[in-house]
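Okay, structure first, notes after.
For clarity, every value in this text was computed on a predicted model and none was experimentally measured. Quick note: numbers below take in every heavy atom, side chains included, and nothing from hydrogens, waters or symmetry partners.
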Amino acid sequence: MSFMFNPHPYDDPTAVNRPKLEDKTINSIISGTKKSAEYISNMLATKAASKIGAIVVAFDGYVGAEWTQTVNLISQNLKFQKIKVTTFNIADVYKTSAELDELFEENLKEDLEKDPVLLFGKLFKGGYEDIIEDSKLAELKANLQSAGEKEVVIVYGCGAAIKALRPIYDSVFYFDVTPKEVILRARKGKFANLGDTIARPIKAMLRRCYYIDFELAGHLRWELIKNDEIDYYVASNDPENIQLIPKESFSNITSTLAKYPFRCKPVYLEGVWGGYYIKNLRNLPDSMINAAWVFDLIPLEVSIVFEAGDQLIDIPYFTFVQKEGEALMGQECVDKFGGYFPIRFNYDDSYHSSGNMSIQLHSDAKYNIENYGEHGRQDESYYIVATGHGAKTYIGFNEDIDPDDFIAEAKISEKEFTPIDYQKYINHIDSVPGTQVMLPAGTIHSSGRNQVILEIGSLTIGSYTYKMYDYLRADLDGKPRPIHTYHGERQLRKERKTKWVKENLVQDAQLVREGEGWAEYIVGEHDLLYISLRRTEFEKEIEDNTNGKFHVLTLVDGEKVRVQSLDNPELSYTQSYLDVVVVPANMGRYVVKNLGNQPVCIHKTMLKDGFVNDSVSDN
């Protein structure tokens, strides 16, 4: 999915997880910015009274975090108590904006021939230390070490808790922000890129964020979590109502939640080809013109909401993955995919829309790694959920055409804005609910109008979608949608035509197991994909076992079910139509019970047995 995404600010109130937490844990959470600042102030004052020397703390956080209000309130409280307070903004020790632009030049190249709207780049592999001026850091370190008796020193900002400074700190506070909120803040002009004093144009800013700023922040957060060096986790989506969670309580919450089936909070996006099926189903606000994409489980772009007493706490899903990776995914998966959640899920909704998705393809492992520094292939699959009249899914080339002719026309169209008879070139199947279509990297494809697709893809995080043709239409901003024939031509698998598609990518369902009133089928597996795509059908219930690998269940037909541990029945989640629910690897035996009156179909995604990380293989 795209780091350029423009999420609607709507917060879905239905995606709430309710783990059973101890009263001690719930009562330890401080809600409210003023209350949190008061708690921190009193804690620091107590420490200052008993410790020889200064009290030094770090307020670090994710890109877009807002520390100023909390720091100011703490300073006011401490000064009222006659305690000296000194604050340092870590941004003051960064290299200059010009120096950083030079440092990141190779990561953010500008070539309008290859990349017409400057969408792509290369992930920065360094750390915060690379953007900090050594002499300024040495000066800051000296100031911290020479702070006066009973003085409280606060270092705040992205990178405040770098390894070089951590031995000095008495406590580390981490202000986390969900991905959707970060983008909304960026679009409201609430922050600038690291090292900048003035915000760049929004697309340039978000491109820089994805390839640089988010990488730096995400990896430091991962390091702090791995080393158990966050003393207080701060859920800071609402600057007026931050939620302060002590280390032990945060660990109790995440470890408890990782035992349950759970659902993430979806993110909704409008689009030029967007439809109305899910907008109507989920009663999305009238202010949304449509719901083209529904990010139900895009690991780095959704969050997870949990109930703690009378509070709802919203944290980035990837923070949860970083904290509970082994329990959630299984050790083998953590090892193979470097700790990333390896599958992503979203809906493409073109139901009763104005047109198809673009004719497009995605890139393979070698291309993504060499050009973008990414993690591997961008494979996808479509599971057809619902259709209207005349719905089609486009996949591969027609048997009797020359793909080079299509490429030639696409190049002319990109430059001269000329139409293409795409149906002459692109093979299609009539869309039927329940059909699984696999889309390994390099396969030309499109979801046609008037259908809802459950899209399931590989772990590739960026949006390496090369549009070859987009019907000459403008985007919602009135500007022509970008075409990427340069990259597309280099990744297009021309040999994937009608016959190959039928034999490989659209398969007949294969029975795996069955019993009285239930059955499970493989609806899609291929050597190029490391996932197994399945469907379970039942009247009353079906039992299953994770066997150390997580499962992702989507209720694609039916009203409501309960996903429940067999060994610990209190661990459950009630799932509604089209909800996407994760069953963690550590659950083991579980049952799905039908709570409605009609038969149930559930789409199940899991890692293949004996899987290898095919995401970095192009065989």
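Ser350 places a side-chain N or O within 3.5 Å of a backbone atom of Asn450 that can act as its donor or acceptor partner. Listed for the Arg496 side chain is no donor-acceptor partner under 3.5 Å among the backbone atoms of Phe397. Listed for the Glu270 side chain is a donor-acceptor partner under 3.5 Å among the backbone atoms of Ile289. The backbone N or O of Trp293 sits nowhere less than 3.5 Å from a side-chain atom of Asn346 that would complete a donor-acceptor pair. In this structure a side-chain-to-backbone donor-acceptor pair under 3.5 Å is missing from Ser532 to Met606. Asn17 places a side-chain N or O within 3.5 Å of a backbone atom of Arg263 that can act as its donor or acceptor partner. A donor-acceptor distance shorter than 3.5 angstrom exists from the side chain of Tyr211 to the backbone of Gly121, with no hydrogens or angles considered. The closest donor-acceptor contact from the side chain of Asp314 to the backbone of Ser303 lies at 3.5 Å or more, if one exists at all. Using modelled atom types, no side-chain atom of Asn586 and backbone atom of Lys259 make a donor-acceptor pair closer than 3.5 Å. Proximity of a side-chain donor or acceptor of Thr546 to a complementary backbone N or O of Gly588 within less than 3.5 Å is detected.
Put simply, the side chain of Asn504 reaches to within 4.5 Å of the side chain of His526, judged on heavy atoms. The shortest side-chain heavy-atom distance between Ile304 and Leu257 falls under the 4.5 Å cut-off. Contact check for Ile359 versus Ile426: side-chain heavy atoms found under the 4.5 Å cut-off. At least one side-chain heavy atom of Lys549 sits less than 4.5 Å from a side-chain heavy atom of Asp609. Using a 4.5 Å heavy-atom threshold, the side chains of His484 and Leu119 count as touching. Looking at heavy atoms from C-beta onward, Phe345 lies in side-chain contact with Thr605 at the 4.5 angstrom threshold. Counting heavy atoms from C-beta on, the side chains of Thr554 and Tyr383 never come closer than 4.5 Å.
To the nearest 0.5 Å, atom CG of residue Asn427 and atom NZ of residue Lys502 are 7.5 Å apart. In this structure, CG in Leu281 is found 6.5 Å from OH in Tyr577, a value given to the nearest 0.5 Å. Here Thr178 contributes atom OG1 and Asp11 contributes atom CG; the two are 8.0 Å apart, rounded to the nearest 0.5 Å. To the nearest 0.5 angstrom, Ser446 atom OG is 9.5 Å from Ile453 atom CD1.
A salt bridge is absent between Asp557 and Arg535; no separation between the charged side-chain nitrogens and carboxylate oxygens falls under 4.0 Å. Between Glu380 and Arg344, at least one side-chain N (NZ, or NE/NH1/NH2) sits under 4.0 Å from a carboxylate O, which counts as a salt bridge.
In this structure, Lys479 places its NZ atom where only 12 or fewer heavy-atom neighbours from other residues, nucleotides or ligands lie under 6.0 Å away. Atom CG of Asp477 has more than 12 heavy atoms from other residues, nucleotides or ligands within 6.0 Å. The number of heavy-atom neighbours closer than 6.0 Å to NZ of Lys114, taken from other residues, nucleotides and ligands shown, is 12 or below.
The aromatic ring centroids of Phe337 and Tyr530 lie less than 6.0 Å from each other. Taking the six-membered ring for Trp and the full ring otherwise, Tyr62 and Phe214 have centroids separated by under 6.0 Å. Between His487 and Tyr367, the ring center distance clears the sub-6.0 Å criterion.
With sequence neighbours left out, the salt bridge (Lys or Arg N to Asp or Glu O under 4.0 Å) criterion links Asp115 to no other residue. Applying the side chain to side chain donor-acceptor pair (under 3.5 Å) test to Thr485 and every residue at least two apart in sequence or in another chain returns Glu414. Residues passing the salt bridge (Lys or Arg N to Asp or Glu O under 4.0 Å) test with Arg449, sequence neighbours excluded: none. With sequence neighbours excluded, no residue forms a ring pair (Phe, Tyr, Trp, His ring centres under 6.0 Å) with Tyr260. Evaluation of the side chain to side chain donor-acceptor pair (under 3.5 Å) rule for Tyr268 yields Asp12, Arg282 as partners, not counting sequence neighbours. Contacts of Ala186 classified as side-chain contact (heavy atoms from CB on, under 4.5 Å), with partners at least two apart in sequence or in another chain: Phe191, Ile202, Met205, Leu206. In terms of the side chain to side chain donor-acceptor pair (under 3.5 Å) criterion, residue partners of His8 (sequence neighbours excluded) are, by chain and number, Ser287. Phe341 pairs by the ring pair (Phe, Tyr, Trp, His ring centres under 6.0 Å) definition with Tyr317, Phe550, not counting sequence neighbours. A search for ring pair (Phe, Tyr, Trp, His ring centres under 6.0 Å) contacts involving Phe538 returns nothing, not counting sequence neighbours. Residues passing the side chain to side chain donor-acceptor pair (under 3.5 Å) test with Tyr521, sequence neighbours excluded: none. Tyr422 meets the ring pair (Phe, Tyr, Trp, His ring centres under 6.0 Å) test with Tyr394, Tyr471; sequence neighbours excluded.
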Candidate pair Lys279 and Asp349, rule salt bridge (Lys or Arg N to Asp or Glu O under 4.0 Å), full reasoning:
CA-CA 9 Å; Lys279 185 176 188 290; Asp349 185 348; over 6 Å; no

What's the verdict on side-chain contact (heavy atoms from CB on, under 4.5 Å) for Asp544 and Val592, showing C-alpha distance, side-chain angles and the deciding distance?
CA-CA 8 Å; Asp544 212 331; Val592 185; over 6 Å; no

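Among all heavy-atom pairs drawn from Pro266 and Val294, the shortest one is CB-CG1, 4.2 Å. Closest approach of Val580 and Tyr347 over heavy atoms only: CG2-OH, 4.0 Å. Closest of all the heavy-atom pairs between Leu505 and Ile395 is CD1-CD1, 3.7 Å. Across all their heavy atoms, Val182 and Val63 have their closest contact at CG2-O, 3.3 Å. For Thr254 against Glu324, the heavy-atom pair with the smallest separation is OG1-OE2, 2.7 Å. Between Val177 and Gly64 the shortest heavy-atom distance is CG2-C, 4.3 Å.
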Could you go through residues 431-442 and list every donor-acceptor pair under 3.5 Å that involves a side-chain atom there, pairing it with any protein atom two or more places apart or in another chain?
residue	atom	partner	partner atom	Å
Ser431	OG	Thr393	N	3.2
Ser431	OG	Thr393	OG1	2.8
Ser431	OG	Gln451	OE1	2.6
Thr435	OG1	Val432	O	2.8
Gln436	OE1	His603	NE2	2.8
Gln436	NE2	Tyr382	O	3.0

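The aromatic rings of His375 and Tyr340 sit tilted, their planes meeting at an angle between 30° and 60°. Using cut-offs of 30° and 60° for the angle between ring planes, the His551 and Tyr590 rings count as perpendicular.
Remark: the Glu374 side chain and the Tyr464 side chain contain an N/O donor-acceptor pair separated by less than 3.5 Å. For the residue pair Arg377/Ser458, the side-chain donor-acceptor check at 3.5 Å is not satisfied. In this structure, a donor-acceptor pair under 3.5 Å is present between the side chains of Thr319 and Asp176. For the residue pair Glu215 and His219, a side-chain donor N or O sits within less than 3.5 Å of a side-chain acceptor on the partner.
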